[in-house]
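All heavy atoms count here, side chains included; hydrogens, waters and symmetry mates do not. Along the sequence shown, residues are numbered consecutively beginning with 1.
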Amino acid sequence: MSPTPAESIESSEGTAPSFRSEVTVELVKHSAADSDVLWAARVSTAGEQSLEELQKDPERSKGLINYLMRDRHGSPFEHNSMTFFISAPIFVFREFMRHRVGWSYNEESGRYRQLEPTFYVPSESRKLVQQGRPGKYEFVAGTPEQHALTGKVMEDSYRQAYEAYQEMLAAGVAREVARAVLPVGLFSSMYATCNARSLMHFLGLRTQHELAAVPSFPQREIEMVGERMEAHWARLMPLTHAAFNANGRIAP
């Protein structure tokens, strides 16, 4: 696994905060293909088969994957692996790690390294205003004044928090203690490994989609991560991704 740009940055006292509105999702390694699903599914009736045998009848393979998805035979979708490098605000990771089955995580540590001052500020396209009551609400764009206020207040708060963090570090306070003053808008990074079945569960909850049989209302920032993960997965396993969409985006 090659080092990411985030891992090569050296911390230095006095670094000025930077502000981002986008997340990073990179597919760093994988062992994932539609043939993994076919092998797993057919072993129960045909024993071990070669890749050539699996590819002889593409329509049959497509039909089998769709059948497994439709009738919720889930275990054949677990025999694959994808590892992503993700850089996003800490509040995204706290939602992300609600997904426990079929996932492995390793996040950068504020105990062992000085955290870099990169913070989240929403872009102008991010809807800011919530209308309605919980369970029945929508987000609307917000005014230019609200966007300007949000950016200013966030940036001022981030600068103050990081200055306090550096002040404590300079005084010899342990990193694991000093980090307590940093907000959840701070960017963190992690490796997240999953299989297709666990990723489908994640996407069913953390993305909105017109083909979804069960509506979901994710926070936009974690949806941004989900959309980028899905794009990588769709290229690796196009038949499985198509069956997921065709069957209401419900994980088997």
Side-chain angles (χ1 to χ4, degrees), residues 1-2 4 23-44 48 51 54 61-62 64-109 188-209 211-252:
M1 187 181 298
S2 60
T4 67
V23 300
T24 297
V25 178
E26 300 171 3
L27 180 67
V28 296
K29 66 176 182 177
H30 66 87
S31 175
D34 290 318
S35 57
D36 298 326
V37 181
L38 301 172
W39 262 312
R42 289 178 179 167
V43 71
S44 61
E48 185 179 0
L51 181 60
L54 292 169
S61 296
K62 179 180 177 181
L64 175 58
I65 289 176
N66 189 71
Y67 158 74
L68 296 169
M69 192 78 68
R70 184 193 67 215
D71 285 18
R72 307 195 73 181
H73 296 290
S75 60
F77 297 99
E78 297 175 2
H79 297 271
N80 55 83
S81 177
M82 293 164 279
T83 297
F84 299 92
F85 171 78
I86 302 170
S87 178
I90 288 174
F91 67 80
V92 169
F93 286 2
R94 296 303 148 287
E95 287 195 349
F96 207 121
M97 291 172 184
R98 299 302 299 161
H99 298 267
R100 300 182 296 277
V101 178
W103 288 90
S104 297
Y105 303 108
N106 278 91
E107 184 180 355
E108 69 175 281
S109 174
S188 187
S189 61
M190 71 173 177
Y191 290 111
T193 299
C194 64
N195 59 54
R197 189 183 191 187
S198 53
L199 180 58
M200 285 186 277
H201 278 289
F202 177 88
L203 295 175
L205 183 62
R206 302 300 183 179
T207 61
Q208 283 188 319
H209 200 283
L211 297 177
V214 179
S216 183
F217 305 94
Q219 183 162 341
R220 177 56 190 153
E221 288 75 15
I222 197 169
E223 184 178 37
M224 290 159 60
V225 173
E227 289 169 348
R228 287 158 175 76
M229 295 175 75
E230 182 170 0
H232 287 296
W233 171 56
R235 288 191 289 270
L236 296 175
M237 303 178 72
L239 296 182
T240 303
H241 181 253
F244 176 60
N245 280 330
N247 289 278
R249 293 176 66 86
I250 297 173

**Student:** With sequence neighbours left out, write down each residue that passes side chain to side chain donor-acceptor pair (under 3.5 Å) with H73, or none if nothing qualifies.
**Tutor:** Y67
**Student:** Residues two or more places apart in sequence or in another chain: which of them pass salt bridge (charged side-chain N to carboxylate O under 4.0 Å, His left out) with R94?
**Tutor:** E107
**Student:** Looking at CG of L205 and CD of E223, how far apart are the two atoms once the value is rounded to the nearest 0.5 Å?
**Tutor:**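 L205 atom CG to E223 atom CD measures 11.0 Å (nearest 0.5 Å).
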**Student:** Are F244 and W233 close enough that their ring centers fall under 6.0 Å?
**Tutor:** yes
**Student:** Run the salt-bridge test on R98 and E95 with the 4.0 Å N-O cut-off and return the result as yes or no.
**Tutor:**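 So R98 does not pair with E95 through a salt bridge.
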**Student:** Rounded to the nearest 0.5 Å, what separates atom CZ in R220 from atom CD in Q208?
**Tutor:**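 Going from the CZ atom of R220 to the CD atom of Q208 covers 9.0 Å.
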**Student:** Output yes when E26 and R228 qualify as a salt bridge under the 4.0 Å nitrogen-oxygen rule, no when they do not.
**Tutor:**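 No, no charged N to carboxylate O under 4.0 Å.
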**Student:** For residues 245-252, which side-chain N or O atoms pair as donor and acceptor with protein atoms under 3.5 Å away, sequence neighbours left out?
**Tutor:**
residue: N245; atom: OD1; partner: R249; partner atom: NH1; Å: 2.7
residue: N247; atom: ND2; partner: N66; partner atom: OD1; Å: 2.9
residue: N247; atom: ND2; partner: A243; partner atom: O; Å: 2.8
residue: R249; atom: NH1; partner: E230; partner atom: OE2; Å: 2.8
residue: R249; atom: NH2; partner: T207; partner atom: OG1; Å: 3.1
residue: R249; atom: NH2; partner: E230; partner atom: OE1; Å: 3.0
residue: R249; atom: NH2; partner: E230; partner atom: OE2; Å: 3.4

**Student:** Just how far is it from atom CE of M224 to atom CD of Q219, taken to the nearest 0.5 Å?
**Tutor:**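 M224 atom CE to Q219 atom CD measures 10.5 Å (nearest 0.5 Å).
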**Student:** Run the side-chain contact (heavy atoms from CB on, under 4.5 Å) test on F84 and C194 for me, step by step, so that the C-alpha distance in whole Å, both residues' side-chain angles and the decisive distance to 0.1 Å come before the verdict.
**Tutor:** CA-CA 9 Å; F84 299 92; C194 64; 4.0 Å; yes
**Student:** If I take atom CH2 from residue W103 and atom CG from residue L199, how far apart are they, to the nearest 0.5 angstrom?
**Tutor:** 5.0 Å
**Student:** Report yes if the distance between the aromatic ring centroids of F202 and F96 is under 6.0 Å, otherwise no.
**Tutor:**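 Yes, they do, as the ring centres are separated by less than 6.0 Å.
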**Student:** Regarding R197 and E78, does a basic nitrogen lie under 4.0 Å from an acidic carboxylate oxygen?
**Tutor:** yes
**Student:** Can you tell whether the side chains of E221 and R206 come within less than 4.0 Å, N to carboxylate O?
**Tutor:** no
**Student:** Check whether any side-chain heavy atom of V37 sits under 4.5 Å from a side-chain heavy atom of H79, and report yes or no.
**Tutor:** no
**Student:** Go through the steps for S81 and N195 under the test side chain to side chain donor-acceptor pair (under 3.5 Å), then give the verdict.
**Tutor:** CA-CA 5 Å; S81 177; N195 59 54; over 6 Å; no
**Student:** Testing the basics here: between F77 and I65, what is the closest heavy-atom pair and its distance to 0.1 Å?
**Tutor:**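 Distance-wise, the nearest heavy atoms are CZ-O, 4.0 Å.
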**Student:** Quiz question: by atom type and distance under 3.5 Å, do the side chains of S87 and T24 form a donor-acceptor pair?
**Tutor:**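 No, T24 and S87 have no side-chain donor paired with an acceptor closer than 3.5 Å.
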